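Below, all heavy atoms of this structure are taken into account, side chains as well, without hydrogens, waters or symmetry copies. This is a predicted model, so every value here is computed, not measured.
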Amino acid sequence: MKSGLRRRYQKLSINNEYRKYFPYKEYRHGQLEAIREITEIITLKEHLILRAPSGFGKTITVLTATLPTLERESDSKLVWLCRTNRENNRVIEELKKIDNIPDNINAIVIEARAKLCIKDVDRELKKDHEAFSILCSEMKKQGKCEYYNKLIIESIKLPQICGVKELREVCEKSDVCPYEVAKKGVPNARLIIANYNYILMPQILKTLNTKLDNSILVVDEAHNLPEIATEIEMEKITLRGLNETSSEMMREGIEEYKWIIDEIIKIVEKGEEDKVVDKIYLKNILEEKCGSLSQLASILIGIGNNVRRRIARNGGKPVSHIHHLGRFLMKLHETLGRDEYVLFSGNGEMWIECFDPSNIIKRVYKMFKATISMSGTINENYGELVGLESYKYREVNYLEKRNILSILVPNVTTDYEMRKPEMYQKICEYISIVAENINTGIGVFTASYEVLEGILNAGIRNIRKPIYIENRNDSPKLNEWKIEEYKRMAKTGGAVYVGVCGGRASEGEDFPGSEMDIALLVGIPFPEPSIRMQKRNEYYEKRFGENGILYSYILSAIWKASQAAGRVIRGPEDKGAIVYLDERYRRYIKLLPEWLKPRKVIKEPEQLKEELTLFFT
């Protein structure tokens, strides 16, 4: 190990109480302090927000701090929430590195029913998780699933540390359903690893069938949680869907309810631009004929459920547009008088949008005795955003400044009013000179697909180096292929990956070594100006006063940008450069993690080339 690196570590003492669970020879700088703070948080039953750079070892740090509690307290559990299945597997990988985990601690990953299914079922059906779940339940009732056998499910013994790979291997040997085996194992598991939905959605939470009041919650990559919570709360109907609903009502012999569709279509068809629809106005229109909106919604949901079950019994895809309309109307009823839910219409759609996830997330956090929310980008504002009444915030940084070069280019911007061909051409000059003169992996992350299109039109494809471009319509398989090909070429002479902040490559993807040594951030990923953003800003101004705009959209944009910038450092020995191609980053330097804050200002492409060449020499 280099002497410079050694200074960033702390040696373990022989009597260290955490050594039993820490599988590495040395602590990185700040890990031991973080472990002690997490232990204190659990003891005091509090909330901790932890910001630490990529490669710090957040996963093993939290495991080392929490596993002693699980060993001592037999009724305590650890629920670990991740955004993606790949992140779930990383927790299992770290657990496997720990030797001699006590027998009273076992871990299990649970994923969606459709993801775990080993039955030969249409792939398109598996993409609709709700429809698949209904079909699966009906097949079990009718005894049509050869992998559902209660006796075998009860007899299966899972390994102590059971990831999806281990779960599948065990279940495939016995020809039994992995989802049912995992569901059976969850109540007795001490460490449950799952996606956010398992806690955010009450109907899915019930499947865990376990008490959580004396348990610890870990929210991994917590910057994603607010956005996902609001997405879950959205309900949408479309003109196409309403026409399908009308046809379904005819087939079901309930034409007396078609008037609902006619009333909604009158609103939806009024222009293509997004507009706010008065929820009370729509409620009153509907209740003039039905008397009770909630009762009407319940009737439609009931009819729709019968339709779905009948289709499932016949082996078809159990989808009901009547059920969907009922669910939309029930959400309308439930959100009346709640300012954080706004009803919009435009472009042939009507939707209920949730601006504020705090009520949902507060409910989740209150289920647990202690929580740890961690990410490389969030700051103390996260606690205010999600509605925590009290919390502790800790930022740790183990990286040496000499390994990171962060540069601000102040004479370009993707500000909405400045998006012109001349500006995109100027941005491309900076990108091109870097790509063509430095032979390594280079990531270009744009503020949006519109900005990405702008630099494509300005000639970014002309770079004389392998270039891989993210497309919003790419299938997951094609996207994965592009990333893998980019990585391969980056290590053999250099390559360029062009994507968006918040996209597949900018979050949750590792680029160790020379796979991505430079990240160029083209703009700040603010949402486009719209009536939706205007109403969202108005809501947050009511909640936070003059700081409303910060919570409305600045924080989420800076967190997305920071995630993209963080791709260049994935471990203590990595060396990387970040180039901020937008003068507006100057205003938000305080919100950036310490290690990502720009330390140099450059105004010419040639100067940028010289700085980066010198840094990597």
Any donor-acceptor pair under 3.5 Å linking the side-chain atoms of [Y] with those of [X]?
| X | Y | answer |
| --- | --- | --- |
| Arg51 | Tyr393 | yes |
| Asn473 | Tyr449 | no |
| Tyr539 | Asp356 | yes |
| Tyr365 | Ser373 | yes |
| Asn381 | Asn379 | yes |
| Ser506 | Gln563 | no |

Checking Glu37, Glu46, Glu380 against Lys392 for salt bridge (Lys or Arg N to Asp or Glu O under 4.0 Å), the one that qualifies is Glu46
Among Lys482, Arg567, Arg86, which residue satisfies the salt bridge (Lys or Arg N to Asp or Glu O under 4.0 Å) criterion with Glu509?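 Looking at Lys482, Arg567, Arg86, the match for Glu509 under the salt bridge (Lys or Arg N to Asp or Glu O under 4.0 Å) is Arg86.
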[atom1]-[atom2] distance between [X] and [Y], expressed to the nearest 0.5 angstrom:
| X | Y | atom1 | atom2 | answer |
| --- | --- | --- | --- | --- |
| Ile404 | Trp595 | CD1 | CH2 | 6.0 Å |
| Glu515 | Ile442 | CD | CD1 | 14.0 Å |
| Arg543 | Glu541 | CZ | CD | 14.0 Å |
| Ile378 | Ser562 | CD1 | OG | 11.5 Å |
| Thr66 | Leu78 | OG1 | CG | 4.5 Å |
| Ile372 | Lys58 | CD1 | NZ | 14.0 Å |

Check whether [X] reaches the backbone of [Y] with its side chain - one donor and one acceptor, N or O, closer than 3.5 Å.
| X | Y | result |
| --- | --- | --- |
| Glu611 | Leu405 | no |
| Ser432 | Glu429 | no |
| Lys465 | Ala435 | yes |
| Tyr540 | Asn547 | no |
| Thr61 | Gly57 | yes |
| Asn411 | Lys603 | yes |

Hey, are the side chains of [X] and [Y] touching, using non-hydrogen atoms and a 4.5 Å cut-off?
| X | Y | value |
| --- | --- | --- |
| Leu591 | Ile554 | yes |
| Tyr416 | Pro529 | yes |
| Leu521 | Tyr585 | yes |
| Arg586 | Val601 | yes |
| Leu452 | Val498 | yes |
| Glu610 | Thr613 | no |
| Ile60 | Pro23 | yes |
| Arg584 | Asp415 | yes |

Crowded around [X] [atom1]? As in, over 12 foreign heavy atoms under 6.0 Å?
| X | atom1 | answer |
| --- | --- | --- |
| Met418 | CE | no |
| Arg599 | CZ | yes |
| Glu528 | CD | yes |
| Lys115 | NZ | no |

Problem - Criterion salt bridge (Lys or Arg N to Asp or Glu O under 4.0 Å) on Glu93 and Lys96, from CA distance to verdict - result: CA-CA 5 Å; Glu93 288 167 9; Lys96 287 179 179 178; over 6 Å; no
How close do [X] and [Y] get, counting heavy atoms only, and between which atoms?
| X | Y | result |
| --- | --- | --- |
| Pro605 | Ile433 | O-CG2, 3.5 Å |
| Met374 | Trp80 | CE-CZ2, 3.4 Å |
| Ser390 | His47 | O-CD2, 3.4 Å |
| Val396 | Gly30 | CG1-O, 4.2 Å |
| Asp582 | Thr414 | OD2-N, 3.0 Å |
| Ala229 | Ile360 | O-CD1, 4.0 Å |

Establish, yes or no, whether the cationic atom of Lys535 lies under 6.0 Å from the six-membered ring centre of Phe355 and within 45° of the ring axis.
no
Original post:
Can you list the residues that meet the side chain to side chain contact (heavy atoms under 4.5 Å, CB included) rule with Ala495, with sequence neighbours excluded?
Top reply: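 With neighbours one apart ignored, the set is Pro466, Tyr468, Tyr486, Met489, Ala490.
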Quiz item: Who pairs with Arg461 by side chain to side chain contact (heavy atoms under 4.5 Å, CB included), at least two apart in sequence or on another chain?
Solution: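 Per chain and number, Arg461 pairs via side chain to side chain contact (heavy atoms under 4.5 Å, CB included) with Leu456, Ile469.
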Closer than 4.0 angstrom, basic N to acidic O: yes or no for [X] and [Y]?
| X | Y | answer |
| --- | --- | --- |
| Asp510 | Arg90 | yes |
| Arg419 | Glu450 | yes |
| Glu606 | Lys609 | yes |
| Glu349 | Lys236 | yes |
| Arg83 | Glu221 | no |
| Lys97 | Glu94 | yes |

From the list Val109, Asn89, Val91, side chain to side chain contact (heavy atoms under 4.5 Å, CB included) with Cys82 holds only for Val91
*Evaluate side chain to side chain contact (heavy atoms under 4.5 Å, CB included) for Ile431 paired with Ile463, printing each intermediate quantity in order.*
CA-CA 9 Å; Ile431 298 171; Ile463 290 173; 4.1 Å; yes
Which word best sums up how the rings of Tyr588 and Phe526 line up, parallel for under 30°, tilted for 30 to 60°, or perpendicular for over 60°?
->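 If you compare the ring of Tyr588 with that of Phe526, the planes turn out perpendicular.
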Audit row: Leu95, Leu191, side chain to side chain contact (heavy atoms under 4.5 Å, CB included) steps and yes/no: CA-CA 10 Å; Leu95 276 167; Leu191 202 171; 3.8 Å; yes
| Intermediate values then yes/no, side chain to side chain contact (heavy atoms under 4.5 Å, CB included), Val412 and Tyr430 | CA-CA 10 Å; Val412 293; Tyr430 285 101; 4.0 Å; yes
Just do the ring-ring contact (aromatic ring centres under 6.0 Å, His included) check on Phe22 and Tyr27 with the steps written out, would you?
-> CA-CA 9 Å; Phe22 195 80; Tyr27 286 126; 4.2 Å; yes
